[in-house]
Amino acid sequence: MLKKDQTYISELKHHVGKEVTVKGWLYNSRSSGKIHFLQVRDGTGIVQAVGVKNELPEPIFELAGKLTQESSIIVKGIVREDKRASSGFELTLTDVKLLQLVADYPISHQSTHGPAFLMDNRHLWLRSKKQHATLRVRAEIVKAIRDYFDSNGYVLMDAPILTPAACEGTTNLFEVGYFDEKAYLSQSGQLYGEVGAMAFGKVYVFGPTFRAEKSKTRKHLTEFWMVEPEIAYADLDDVMNVAEEFITFIVHRVLENRKEELKTLERNTAPLEKINAPFPRISYDEAVELIKKAGLPFEYGNDFGAPDEEAISKNFDKPVMVHRYPLAIKAFYMKQDPEHLDKALCVDVLAPEGIGEIIGGGQRADDLEYLEKKIAEHGLPRKAFEWYLDLRKYGTVPHGGFGLGVERAVSWICGSEHVRETIPFARMLNRLYP
RNA sequence: UCCCUGGUAGCUCAAUUGGUAGAGCGACUGGCUGUUAACCAGUAGGUUCCAGGUUCGAGCCCUGGCCGGGGAGCCA
């Protein structure tokens, strides 16, 4: 427990009429000569402390007047309801203690800053309102993810980050030295999740994921977080049922608990209010029709590009689930559709509002011979996958799951311009600092 | 890897045809008893990304390099 000589700004409403101590930093200040307005933040919120010259001891009034942005301060004041305050409450300042007077804080509220400058100062940028709100929404989403799976019988199973080989082979991996051999940073925990499903029935893997692709877009990070449920005895329909229920749960939770933050972010919540299961389900073939109807050039059999995804999702005001892509463009572990042999039992969930894919998943190949053949076809080293093949040798069952990209989900729900704002410290093609 | 675009004050940007490098914001000083991106007045602040070249003269033109930003492909 913390000592009680501190009141958090979020709790001020319970202390009206009383003197409280707020420990924090100066967010901004204004003055009219004989009256100072100090906007103090403490991480839970921002409150304005008002100091009047002839109501305060001279040294305290003077100190209040010379405080600079982000100076660390402890202020005392009497909580007052005030319609003029945006939060509804203000402090009548009674005392200020200065811990450090800051000179030349780089980020100002009044001037504009470019993304490169702000990302260089990410460690300070996080103190500003919108970044603060975005990361609180992220924290809420992460909690919702855990709550959903924890309360629905899934066991959390962490997958290793250092792995012996590619999970999917095709994408670029970060290579690291591992004593006398090479290891790779995980690009997906899914294969290990399948191990978990065979051991526990329902599991979810939740952790960081790494892709060494040289992507430079608003949707890409080289290090991002992914949650990957995996379910034994599940078919493609089960996977889609879980995906839509799961997304609905997350969106509702944020709408319930993070109203203030969404308001700070100026997020129009109307589109989010519409998110309710069931979601529309269309096949790859039907999606191709939508692309052609939109007049885009598209060669049947290819994967969808960003403009294609937008053309598809524009037809719906909920996330749309596109299933049964051509087998040829999907990963080796996808199960072949027995009714359409050229298709895979897979699903991508495309978020509305132009966000694109937030979930990819499906039913897994469960036949040993088929999987052996696929590993060979994809040119993957069989030796690295022996343990994975064992799952098909010793009690194979139909099973499936999906992966949700946390940052893309946060980006969608917050209405962020770029995923780099949805993670505290983004790692990108040209960004390894701070 | 490819396409587009940029690098000038702490930040965001301007600078006509190649002719003395400017504004807003921030900082600093002073003023103001209700400010909400406060306002008003003043002050300081420059290796124009780097190297070379053309020119009487280069922020501007040429060559090479470095570093960003946006997008594509691939993916979540």
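Bear in mind that the values here come from a model prediction, so they are computed numbers and not experimental data. Lettering of chains follows the sequences in order, A, B, ..., and the numbering in each one begins at 1.
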Participant: Find out whether Ile329(A) and Asn302(A) are in side-chain contact, i.e. whether some heavy atom of one side chain is under 4.5 Å from a heavy atom of the other.
Facilitator: no

Participant: Which one is paired to rC66(B), where only Watson-Crick or G-U wobble pairs with both distances under 3.5 angstrom count?
Facilitator: rG7(B)

Participant: rG70(B) and rU29(B): how far apart are their C1' atoms, nearest whole angstrom?
Facilitator: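 Comparing C1' positions in rG70(B) and rU29(B) gives a spacing of 42 Å.
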
Participant: Between the base of rG70(B) and the side chain of Glu417(A), is there any donor-acceptor pair under 3.5 Å?
Facilitator: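 No.
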
Participant: Atom CZ of Phe402(A) and atom P of rA76(B): how far apart are they, to the nearest Å?
Facilitator: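 These atoms are roughly 13 Å apart.
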
Participant: For rG7(B) and rG59(B), measure between their C1' atoms and round to the nearest Å.
Facilitator: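 Rounded to whole Å, the distance is 11 Å.
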
Participant: What is the nucleic acid contact for Gly356(A), judged by heavy atoms within less than 4.0 Å: base, sugar-phosphate only, or nothing?
Facilitator: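 Gly356(A): no heavy atom of the nucleic acid under 4.0 Å.
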
Participant: Measuring only the P atom in each nucleotide, how far is rU55(B) from rA9(B)? A whole number of Å is fine.
Facilitator: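 Roughly 30 Å separates the two P atoms.
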
Participant: Strictly under 4.0 angstrom, non-hydrogen atoms only: write out the protein contact profile of nucleotides 27-33 of chain B, one letter per nucleotide from the 5' end, B, S or -.
Facilitator: SS---BB

Participant: Taking atom C1' in both rA58(B) and rG26(B), what distance in whole Å separates the two?
Facilitator: 31 Å

Participant: Nearest to the Lys216(A) side chain among rU35(B), rC75(B), rG70(B), which nucleotide is it?
Facilitator: rG70(B)

Participant: By nearest atom, which of the nucleotides rG69(B), rA76(B), rG34(B) is closest to the Arg211(A) side chain?
Facilitator: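 Nearest to the side chain of Arg211(A) among the choices is rA76(B).
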
Participant: Expressed in angstrom and rounded to an integer, what is the separation of Trp225(A) atom CH2 from rC75(B) atom C1'?
Facilitator: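 Trp225(A) atom CH2 is separated from rC75(B) atom C1' by 20 Å.
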
Participant: Would Thr248(A) and Phe279(A) satisfy side-chain contact (heavy atoms from CB on, under 4.5 Å), going step by step from the backbone distance to the final call?
Facilitator: CA-CA 9 Å; Thr248(A) 300; Phe279(A) 296 165; 3.7 Å; yes

Participant: Give a yes/no verdict on base stacking between rA76(B) and Phe224(A): centres under 5.5 Å, planes within less than 30° of parallel.
Facilitator: yes

Participant: Output the single nucleotide from rG70(B), rG68(B), rC75(B) whose closest atom is nearest the side chain of Arg218(A).
Facilitator: rG70(B)

Participant: Do Lys202(A)'s NZ or CZ and the ring of Tyr154(A) fall within the cation-pi criteria of under 6.0 Å and 45°?
Facilitator: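 Verdict for Tyr154(A): a cation-pi partner in Lys202(A).
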
Participant: Glu213(A) has an atom CD; how far is it from atom C1' of rA72(B), in whole Å?
Facilitator: 13 Å

Participant: From CZ of Phe37(A) over to P of rA37(B), roughly how many Å is that when rounded to an integer?
Facilitator: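 Taking atom P of rA37(B) as the reference, CZ of Phe37(A) is at 13 Å.
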
Participant: Do Ser215(A) and rG73(B) have a side chain to base donor-acceptor pair shorter than 3.5 Å?
Facilitator: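 Flag set: donor-acceptor pair detected.
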
Participant: Are Asp348(A) and Tyr325(A) close enough that a side-chain donor and a side-chain acceptor fall under 3.5 Å?
Facilitator: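 A pair is found: one side chain offers a donor N or O, the other an acceptor, under 3.5 Å apart.
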
Participant: Can you tell me how far C1' of rG73(B) sits from CD1 of Ile329(A), to the nearest Å?
Facilitator: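 About 14 Å, once rounded to whole Å.
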
Participant: Can you identify which nucleotide, out of rU12(B), rG70(B), rC75(B), has its nearest atom closest to the Arg408(A) side chain?
Facilitator: rC75(B)

Participant: Which whole-number value in Å describes the distance from Phe210(A) CZ to rC74(B) C1'?
Facilitator: 19 Å

Participant: Tell me which nucleotide, if any, is Watson-Crick or G-U wobble paired with rA21(B) when both distances must be under 3.5 Å.
Facilitator: none

Participant: Would you check if there is a donor-acceptor pair between the side chains of Glu194(A) and His399(A) at a distance under 3.5 Å?
Facilitator: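 Yes, a side-chain donor-acceptor pair sits under 3.5 Å.
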
Participant: Reading RNA chain B from 5' onward, which residue's closest nucleotide shows up sooner: His109(A) or Thr222(A)?
Facilitator: His109(A)

Participant: Taking atom P in both rC2(B) and rU17(B), what distance in whole Å separates the two?
Facilitator: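 rC2(B) and rU17(B) have their P atoms separated by 34 Å.
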
Participant: Take atom P in rC67(B) and the same atom in rA21(B), then report the distance between them in whole Å.
Facilitator: 31 Å

Participant: Using salt bridge (Lys or Arg N to Asp or Glu O under 4.0 Å), reason through Glu357(A) and Arg408(A) one step at a time and then give a plain yes or no.
Facilitator: CA-CA 8 Å; Glu357(A) 184 180 353; Arg408(A) 285 189 184 174; 5.1 Å; no

Participant: Under 4.0 Å between any heavy atoms, over every strand shown, what does Ala306(A) touch: base, sugar-phosphate, or nothing? Just pick one.
Facilitator: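 The answer is sugar-phosphate, as Ala306(A) gets under 4.0 Å only of primed atoms, P, OP1 or OP2.
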
Participant: Give the rounded distance in Å between these two atoms: CD of Glu228(A) and P of rC75(B).
Facilitator: 15 Å

Participant: Considering every strand shown, what is the Watson-Crick or G-U wobble mate of rG26(B) when both distances are under 3.5 Å?
Facilitator: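 The base-pairing partner of rG26(B), which may sit in any strand shown, does not exist here.
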
Participant: Taking atom P in both rG52(B) and rG10(B), compute the distance separating them and give it to the nearest angstrom.
Facilitator: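 It comes out at 24 Å once rounded to the nearest Å.
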
Participant: Among the candidates rA72(B), rG34(B), rC11(B), find the nucleotide nearest to the side-chain atoms of Arg80(A).
Facilitator: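 Among rA72(B), rG34(B), rC11(B), the one nearest the side chain of Arg80(A) is rG34(B).
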
Participant: Are Thr44(A) and Asp42(A) linked by a side-chain donor-acceptor pair shorter than 3.5 Å?
Facilitator: yes

Participant: From the options rU35(B), rU12(B), rA76(B), select the nucleotide whose nearest atom is closest to the side chain of Arg30(A).
Facilitator: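 Of the candidates, rU35(B) comes closest.
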
Participant: When the P atoms of rU47(B) and rC11(B) are considered, how many whole Å apart are they?
Facilitator: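 After rounding to an integer number of Å, I get 12 Å for this pair.
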
Participant: Donor-acceptor pair, Ser31(A) side chain versus His36(A) backbone, under 3.5 Å?
Facilitator: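 No.
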
Participant: Within 45 degrees of the ring normal and closer than 6.0 Å to the centroid, is that where the cationic atom of Lys374(A) sits relative to Phe332(A)?
Facilitator: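 Judged by the rule (NZ or CZ under 6.0 Å from the ring centre, within 45° of its axis), Lys374(A) is not positioned above Phe332(A).
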
Participant: Indicate, with a heavy-atom threshold strictly under 4.0 Å, whether Ile359(A) touches base, sugar-phosphate, or nothing.
Facilitator: sugar-phosphate

Participant: Compare side-chain N and O positions of Lys214(A) against OP1 and OP2 of rU1(B) and report whether any pair is under 4.0 Å apart.
Facilitator: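 Checking Lys214(A) against rU1(B): at least one side-chain N or O falls below 4.0 Å of OP1 or OP2.
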
Participant: Could you tell me the separation between the NE2 atom of His113(A) and the C1' atom of rG24(B), rounded to a whole number of Å?
Facilitator: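 One finds 13 Å between C1' of rG24(B) and NE2 of His113(A), rounded.
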
Participant: Find which nucleotide of RNA chain B each of Gly360(A) and Leu429(A) is nearest to by heavy atoms, and output the residue with the more 5' nucleotide.
Facilitator: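 By nearest-heavy-atom nucleotide position, the 5'-most residue is Leu429(A).
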
Participant: Would you mind classifying the nucleic acid contact of Gln48(A) as base, sugar-phosphate or nothing, using non-hydrogen atoms under 4.0 angstrom?
Facilitator: base

Participant: Is it true that a side-chain atom of Arg324(A) and a backbone atom of Cys346(A) form a donor plus acceptor pair closer than 3.5 Å?
Facilitator: no

Participant: Please check if the number of heavy atoms outside His418(A) that lie under 6.0 Å from its NE2 is greater than 12.
Facilitator: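 Correct, the count exceeds 12.
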
Participant: Categorize Glu55(A) for me: base, sugar-phosphate, or nothing, with a 4.0 angstrom heavy-atom threshold over every strand shown.
Facilitator: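 Glu55(A): no heavy atom of the nucleic acid under 4.0 Å.
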
Participant: For His220(A), answer base if it contacts any base atom (sugar-phosphate contacts may also be present), sugar-phosphate if it contacts only those atoms, and nothing otherwise; contact means non-hydrogen atoms under 4.0 Å.
Facilitator: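 The residue His220(A) makes base contact.
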
Participant: Under a 3.5 Å limit for both distances, which nucleotide forms a Watson-Crick or G-U wobble pair with rU1(B), could you say?
Facilitator: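 When the pairing criteria are applied, rA72(B) turns out to be the nucleotide that pairs with rU1(B).
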
